[in-house]
Amino acid sequence: MIDIPATIRNLALEEKAALCTGSCPWATFKIDRLDVPSMILADGPHGVRKCLDIKANTSQSLPATCFPTASCLAATWDPELLYTMGQAMAEEAIAQRVDLLLGPGVNMKRSPLGGRNFEYFSEDPFLAGELATGIINGIQSKGVGATIKHFAANSQEFKRYILSAEIDERTLREIYLPAFETAIRKAKPWAVMSAYNKLNGVPCSQHPELLTRILRYEWKFDGLVVSDWGAVPDLVRAIGAGLDLEMQGPQPVDVYGLVEAVRAGRLDETVLDQAVSRILTAINRSLETPKGGVINVTRHHELAGRIASEGMVLLKNDGILPLKKYERIAVIGRSAKEPYFQGGGASYVNPTKVSTPWEELRQQAPAGTELTYAEGYSLDRKCCNIFAEEAVANAKSAELAIVFVAPPPLTEAEGYDRTSIDLSRHQVDLIRSVAAARPETVVVLNNGSPIAMNEWIGDVAAVLEGWMMGQAGGKAIADILYGRVNPSGKLAETFPIRLADTPAYLNWPGVNNMETDVATYGEGIFIGYRYYDAREVPVLFPFGHGLSYTTFAYSNPRASATRFKDTEGTEISVDVTNTGSVAGKEIVQVYVHDRKSGLIRPYKELKGFAKVELRPGETKTVTIPLEYRSFAYYHPSYQRWITEDGDFDILIGASSADIRHRIRVTLQSSLKLCHILDPYSTVREWLEDSKGRAILEPILKKIIEQRCAAMITGEHKDEAIVKSMMNNVLDMPIFMVFNYFEGYIPAVPEQMIHYLISKINE
Ligand code: BGC
């Protein structure tokens, strides 16, 4: 173990500066004379990507289990399962001598076009935060570090190195930060990775408010802040703002700059020492875990398959699934044989093996089933459609067609966004012509983010969303199609009907859809289902949707308290019964609807969920706690999460659109908030505040008496005039009242207004 204070005392300034950068793309500096070893870092979010040569940053990496990507993981709604996956990844990291894993990614899916959406969990910050907590706890339970990324607001790839995400404070606090906050508070990841982009004009890797005020002071994060690879424009500023480690390395110019800045007094050496201390703390943590061993390829492959089968979502089923015995099945589509199971970029894992749907279907099909294969479509979007003829002929002569559809490889990748949510023309035509020839058509999709289906969904009998399913997803598909696994995944993101319906449509990729360096998050807190609810926009499949081979009834909804203080909260319970004939799992979702609030709020917000496994006929009670933050919203004027007295509806649902029960509860706020009044606050706002009212009312009375006396003379004596004037006055900012009525009241100097305001806001 490193004696940190002693080491910092003995390190030369140049050594300290060097420690704050990587020695190569994947390791920190080692300082042999003081026995400081280096720490090895590797991606990633859904499998270990340890570069074959960590010094050269080659694209080849050691074989490791490729688990499903985050879209699929999120659809499991199962933090415990993700904990198990985290443990498996940590075991592989240990075997490959990796100390710190660069994942999970918890950025919000603001638009379905986001190039890295497949690496992110959800459009909902609560769900993303709970899932990240599970996976981080799993990784770290084995003594390997996790890195939550990309902090913050890295929701698009377009111009990601320079783009400024322009986000108002409330939106940041309610949508883009909570997943980080939850996981950091609950799971204490060893590291946070700062994002490439700017946030409101300041690069995230040198953003003092993000990296110090929010992260360290508010959330009490005491770990390491590492930059995204190459994301630091100015290391001196970055260290000053709260960054500890610039990756990738080496960065000799930046090291020199740090040394110079300390020598010139532009950077306090104690700030540098603090960063060094955090790096050494992470190294010490990694030293507690002896490295080495081998990967349990078989066990982890099976786990990857189990997770995939829990995350796949049965979107539509007219009863054709699970498959019965068919004599002849037409398997169509190249992704049956060449599975599309992960995305492109830094998260790309070199799989230990790959199971294909084609092979798995052949193994699981009952004896006597004949399976034919047709490629179905070409990867070349422009290619003529000769593939379809073979596919349609096969479908005609079979009793069932299974069409596998996936975008061409690298359609979804780090570094660029998607340009459309549509399948290629050939794929759509293929599905439609196969379905016309064989109404018993099942479509199996592999994609990292939503695709449009309106053109063909009505033609087919069933649709299974298989996601980027990881290396063992082929078996998961066969398991679900044949009913060996009862599907239980539910969408962690809305599937829109058209791209034009989506929340960020008019502000993507930049202001006014233009390719500027600025992205205005104009839809504010209304992303995902929050937006579709508010605008009453119909969707293809709602957030939380997913079918099963059984049915579930919800009964006996109750709250442990229906009147409670915000600091105490309440617990929501409901009984869930499996009313079908096969065992299955149900994901119960609890949303909170605020009946009246000071600021506009989404119609409903997810605040709890539970996954429960039930045998046919079995009933279990699920209980979901709701606490302060379940009812609070962030108020920019108070710069804090506030609660307000009043009634809330607790919505218990099987999806965001399938609400089974409502419970009315009444919350008592512990806050005694006074209005924040300033010269621009209106008379109405002053009167709503008791202190404000006490000050303003006598002045107003005087105005009315004198002004009205002047107005209401002779034939103009009209009460309506007084009323209309009062309405006008109520909406005037306070500074204007005094200007407007000058002459009717003794002049109130500006200083006086400020004095009154300071008294009120004390
Ligand atoms: C990505 C990170 C990744 C890093 C190292 C960057 O390009 O944005 O997510 O961890 O590379 O591979």
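In this chain, residues are counted from 1 in sequence order. What's counted below: heavy atoms across the whole structure, side chains too, no hydrogens, waters or symmetry copies. In each ligand, atom 1 is the first atom listed, and ligand 1 is the first ligand listed.
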>> I'd like to know if Glu414 pairs up with Arg160 as an ion pair, taking the criterion as any Lys NZ or Arg NE/NH1/NH2 lying under 4.0 Å from an Asp or Glu carboxylate oxygen.
In response: yes

>> Could you work out, with salt bridge (charged side-chain N to carboxylate O under 4.0 Å, His left out) as the rule, every residue matching Lys188, not counting sequence neighbours?
In response: none

> So which pairs with a foot in residues 87-97 pass side chain to side chain donor-acceptor pair (under 3.5 Å), sequence neighbours left out?
Replying inline: Thr65-Glu92, Gln87-Ser141, Glu91-Lys142, Glu91-Arg299, Glu91-His300, Glu92-His300

>> Tell me if the aromatic rings of Trp77 and Phe126 count as close, with their centers under 6.0 Å from one another.
In response: no

> Ion pair present between Glu130 and Lys186, side-chain N to carboxylate O less than 4.0 angstrom?
Replying inline: yes

When you check ligand 1 against the protein, what N or O pairs turn up below 3.5 Å? List the atom names and distances, or just say none.
| from | atom 1 | to | atom 2 | distance (Å) |
| --- | --- | --- | --- | --- |
| ligand 1 | 7 (O) | Tyr196 | OH | 3.0 |
| ligand 1 | 7 (O) | Glu414 | OE2 | 2.6 |
| ligand 1 | 8 (O) | Arg116 | NH1 | 2.7 |
| ligand 1 | 8 (O) | Arg160 | NH1 | 3.4 |
| ligand 1 | 8 (O) | Asp228 | OD1 | 3.3 |
| ligand 1 | 8 (O) | Asp228 | OD2 | 2.7 |
| ligand 1 | 8 (O) | Glu414 | OE2 | 3.4 |
| ligand 1 | 9 (O) | Arg116 | NH2 | 2.8 |
| ligand 1 | 9 (O) | Lys149 | NZ | 2.9 |
| ligand 1 | 9 (O) | His150 | NE2 | 2.7 |
| ligand 1 | 10 (O) | Asp43 | OD1 | 2.6 |
| ligand 1 | 10 (O) | Lys149 | NZ | 3.1 |
| ligand 1 | 12 (O) | Asp43 | OD2 | 2.5 |
| ligand 1 | 12 (O) | Arg49 | NH2 | 3.3 |

>> Can you pull out every salt bridge (charged side-chain N to carboxylate O under 4.0 Å, His left out) where at least one residue sits in residues 276-286? Sequence neighbours excluded, please.
In response: Asp244-Arg278

